[in-house]
There are 2 protein chains.
Amino acid sequence: MSGIRILLVDDHPVVRAGLRAMLGDFEGITVAAESGDGAAALAQLARFRALGEPVDVVLMDLQMGAGMDGVTATQKIKAGEAGTPAPPVLILTTYDSDADILAAVEAGASGYMLKDAPPEHIRQAVLSAAAGRTALAPEVAARLMGRIRNPEPALSAREIQLLQLLATGLTNRAIARQLFISEATVKTHLVHIYGKLGVDNRTAAISAATQRRIIRPV
Amino acid sequence: MSGIRILLVDDHPVVRAGLRAMLGDFEGITVAAESGDGAAALAQLARFRALGEPVDVVLMDLQMGAGMDGVTATQKIKAGEAGTPAPPVLILTTYDSDADILAAVEAGASGYMLKDAPPEHIRQAVLSAAAGRTALAPEVAARLMGRIRNPEPALSAREIQLLQLLATGLTNRAIARQLFISEATVKTHLVHIYGKLGVDNRTAAISAATQRRIIRPV
DNA sequence: CCGGAGATCAACCTTTCGGTTGATACTCGG
DNA sequence: CCGAGTATCAACCGAAAGGTTGATCTCCGG
């Protein structure tokens, strides 16, 4: 009778209000509750389960200020309670970086929409998720297809380690000392990194790696 | 009778819906219209002026996907039409980096709020702006105060602008072209920046500036 | 009205970085 | 067992960046 029951998870009150208003206009969709972070969302889900009124879809942002991030929350939701089926998680976020999308999909999200999507798309995505289907924003789907067709070379652990030091502003010599290798080796690694990231200097490498969430912003 | 009339400018339909719902709950505040980008906002303002029903406050995001960015839009709004007073512009955005704040203030914004602010704060800010006063989010105000109290070598607006470009991985030559200045000037600025940040190369400068929230992580 | 700070540019020099080539060694999977 | 990928190092060269000195112009505040 109440249609699809949704749990909203976003750290911005403004966004929550927007989704509530937007989804409330649609027939068959009800916003059951909302949370400001991942931990609160898990608590809400448990509460609804205990009441025998589980939510049908979790609509969640990936970037959440403090506390548990969206990927972790998604993992925990999908892990769920033994015996009770976990609700589908639909990611509604701002960025469409490869790392974000992959992390969300790996964590078990049923869909990935961007916040600038028109309301109708969001509605469709919610319906898909509730029906157990997958929903990807066209932009996101295109990126995934591109990745499969044209797989980006993966960075090795050592290269990532180097990148992380690079981002702190160390010179090649300093990195070499830090890692107990020669400066020549550092340079070789850097050339490989530049090639894989498609850049030609260290600052651009840091920028690219940060954008793709290969390294965490320093 | 209609109270304070607002023009919402944000590229995300979700955020616009949220602000509309949120502000609609408040007495004395009316959302007159909304736009998805700076150009549309200017057109809207002109239209309302022509109708003899100017808006009282423009509530705008700084980051807007395509087209004119928020700072440029703010400048153009404040430039306005000869003879007609420009409405106050209240910035409501996601980041609180020095670069964004300075740019907004220089462009003539009357306030700077963060999107994760509670509705009541946003309401207060709108009222302040409409009354011709300035409104800063507590976090933003604190940062500005800190800048003043802590005579940490203050970077000039130009230097911050340079840093922001630096962080995207541009070379000195590219930065020079971007800013329409010579490479020599870029180098001079960089030397000053390094001195103020206590570093001696560009990657370290980016790291230091990001940590101190002088620039926003790219 | 003068000093200081910021923005602009130039010339010069040193150091670092980027790019290439080539080599050795280890590991892992087919 | 052998090739692919990774990690290591060396030598070399040109390009970019770092550092210094010095100069002009503008704007702002005392």
Side-chain angles (χ1 to χ4, degrees), chain A residues 150-209 214-215, chain B residues 71 75 98-99 101-103 105-108 144 147-148 150-210 214-215 218:
Chain A
N150 190 12
E152 278 180 39
L155 293 169
S156 73
R158 190 60 153 174
E159 287 164 350
I160 293 176
Q161 187 184 11
L162 231 117
L163 262 173
Q164 198 81 54
L165 291 177
L166 197 66
T168 68
L170 297 182
T171 63
N172 290 348
R173 181 173 317 214
I175 295 173
R177 274 199 287 261
Q178 192 103 34
L179 297 180
F180 303 108
I181 59 181
S182 82
E183 207 176 325
T185 306
V186 172
K187 291 174 70 172
T188 306
H189 280 310
L190 286 183
V191 169
H192 293 160
I193 291 171
Y194 298 159
K196 289 180 180 180
L197 293 180
V199 300
D200 62 358
N201 68 66
R202 52 179 58 214
T203 38
I206 295 171
S207 171
I214 292 170
I215 59 175
Chain B
V71 174
Q75 285 171 336
D98 281 10
I101 297 171
L102 282 182
V105 170
E106 273 181 11
L144 286 185
R147 271 180 69 95
I148 294 168
N150 236 349
E152 263 181 50
L155 294 170
S156 72
R158 189 58 153 175
E159 287 164 350
I160 293 176
Q161 188 185 11
L162 232 112
L163 262 174
Q164 199 85 53
L165 291 177
L166 198 66
T168 68
L170 296 182
T171 63
N172 290 346
R173 183 175 315 223
I175 294 173
R177 274 199 285 260
Q178 192 104 35
L179 297 181
F180 302 107
I181 58 181
S182 81
E183 207 176 324
T185 305
V186 172
K187 291 174 71 171
T188 305
H189 281 309
L190 286 182
V191 169
H192 293 159
I193 291 172
Y194 297 159
K196 289 180 180 179
L197 293 180
V199 299
D200 62 357
N201 67 67
R202 51 181 55 216
T203 39
I206 294 171
S207 171
T210 306
I214 294 170
I215 60 175
V218 197

task = Please work out if A:S156 contacts a base, only the sugar-phosphate, or nothing of the nucleic acid, heavy-atom cut-off 4.0 Å.
result = sugar-phosphate
message = Tell me whether the side-chain N/O atoms of A:T185 come closer than 4.0 Å to OP1 or OP2 in D:dT8.
response = no
note = Among C:dG6, C:dA10, D:dC9, the one nearest any side-chain atom of B:S182 is C:dA10
key: Length of the CD-C1' vector between B:E159 and C:dA5, whole Å   = 10 Å
ask   = Within the pair A:H192 and D:dT6, is there a side-chain N or O less than 4.0 Å away from OP1 or OP2?
value = no
ask   = So do the side chains of B:L197 and B:L163 get within less than 4.5 Å of each other, counting heavy atoms only?
value = yes
query = Do A:E159 side-chain atoms and A:S156 backbone N/O form a donor-acceptor pair below 3.5 Å?
reply = yes
task = Using atom CZ of A:F180 as one end and atom P of D:dC9 as the other, report the distance to the nearest whole Å.
result = 12 Å
remark   = Rounded to whole Å, the CD1-P distance (B:I175 to C:dT8) equals 13 Å
inquiry  = Across nucleotides 14-23 of chain D, 5' to 3', mark each nucleotide with B, S or - according to how protein heavy atoms within less than 4.0 Å reach it.
reply    = --SSBBB---
request  = Find the distance A:R158:CZ to D:dT6:C1' and express it as a whole number of Å.
outcome  = 11 Å
note = From CD1 of A:I160 across to P of D:dA7 the rounded distance in Å is 10 Å
ask   = What is the distance from CG of A:L162 to P of D:dA7, rounded to the nearest Å?
value = 9 Å
message = Could you tell me how far apart A:I193 (CD1) and D:dA7 (P) are, to the nearest whole angstrom?
response = 9 Å
query = In whole angstrom, what separates A:L179's CG from D:dT8's P?
reply = 8 Å
message = Any non-hydrogen side-chain atom of B:D200 less than 4.5 Å from a side-chain atom of A:T171?
response = no
task = State, yes or no, whether a side-chain contact exists between A:R158 and A:I181 at a heavy-atom distance under 4.5 Å.
result = yes
ask   = Are B:S182 and B:T185 close enough that a side-chain donor and a side-chain acceptor fall under 3.5 Å?
value = yes
task = Without swapping roles, check the side chain of A:T188 against the backbone of A:A184 for a donor-acceptor pair under 3.5 Å.
result = yes
inquiry  = Does any part of the side chain of A:L179, heavy atoms only, come nearer than 4.5 Å to the side chain of A:V186, both counted from C-beta?
reply    = no
